[in-house]
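In what follows, a structure is listed as structure tokens, so that the remarks can point back to it.
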Amino acid sequence: INAEYMGETCVKPSEIGCTYDFRADVVKEGTLKRKSKVLGKWKENYFVVTVSGFLHYFDSEATPKESIPLCKLAVETLDNSLFIVSATSGFLRSTKMVLAAASQEERADWIRNIVQSATSRS
């Protein structure tokens with residue numbers, strides 16, 4: 001499964017000075033493993049996909065470590081249960097994460113929800 005959505009330019013809520021309760025519009029939430037960008041080590045994080053078009057991830061705190069707008073999105077599947085989420089927001093701001101789900105079925109469910117969240121904003 002490879003999916004791509006190139007929607008409107010968007011910004012994070014914090015970039016325009018607003019806050020919102022992401023818990024109010026959760027589409028999917030759960031644990032995924034994320035490959036670190038620097039050392040390439042795998043770390044388990046809690047992820048939340050929202051109706052408003054964000055992928056949030058958490059370490060252990062209640063506040064998201066990062067909130068990724070899913071405006072311009074590409075999702076690529078790799079072997080087994082791995083997948084890559086790439087999102088671009090604003091001028092030259094991009095995020096790329098390599099993620100691992102517990103199974104191929106779980107990966108397909110995450111991808112479906114991420115893509116639906118991105119496309120529901122258009």
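The structure displayed is predicted, hence computed values, not measured ones. Throughout, residue positions are numbered sequentially from 1 according to the sequence presented.
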Exercise: identify the closest heavy-atom pair between S117 and G53: OG-CA, 3.2 Å
For V38, the rest of its hydrophobic cluster, which grows through side-chain links under 4.5 angstrom: L39
For S81 against A101, the heavy-atom pair lying closest together: OG-O, 2.7 Å
Where F58 and V48 come nearest, the two heavy atoms and their spacing: CE1-CG2, 3.7 Å
From CA spacing to verdict: side chain to side chain contact (heavy atoms under 4.5 Å, CB included), L32, W110: CA-CA 10 Å; L32 292 169; W110 276 102; 3.5 Å; yes
Passing candidate, side chain to side chain contact (heavy atoms under 4.5 Å, CB included) with I114, options T119, V27, L70: L70
Set of residues satisfying side chain to side chain contact (heavy atoms under 4.5 Å, CB included) with respect to L78, sequence neighbours excluded: E76, L82, I84, V98
Salt bridge (Lys or Arg N to Asp or Glu O under 4.0 Å): pairs with one or both residues in residues 32-54, sequence neighbours excluded: K43-D59
Residues forming a side chain to side chain contact (heavy atoms under 4.5 Å, CB included) with E105, sequence neighbours excluded: S103
Side chains of F47 and L55 in contact at under 4.5 Å (non-hydrogen atoms): yes
For Q104, all residues meeting side chain to side chain contact (heavy atoms under 4.5 Å, CB included), sequence neighbours excluded: R107
Whether F54 and H56 hold their rings parallel, tilted or perpendicular, with breakpoints at 30° and 60°: parallel
Set of side chain to side chain donor-acceptor pair (under 3.5 Å) partners for D109, sequence neighbours left out: K28, R112, N113
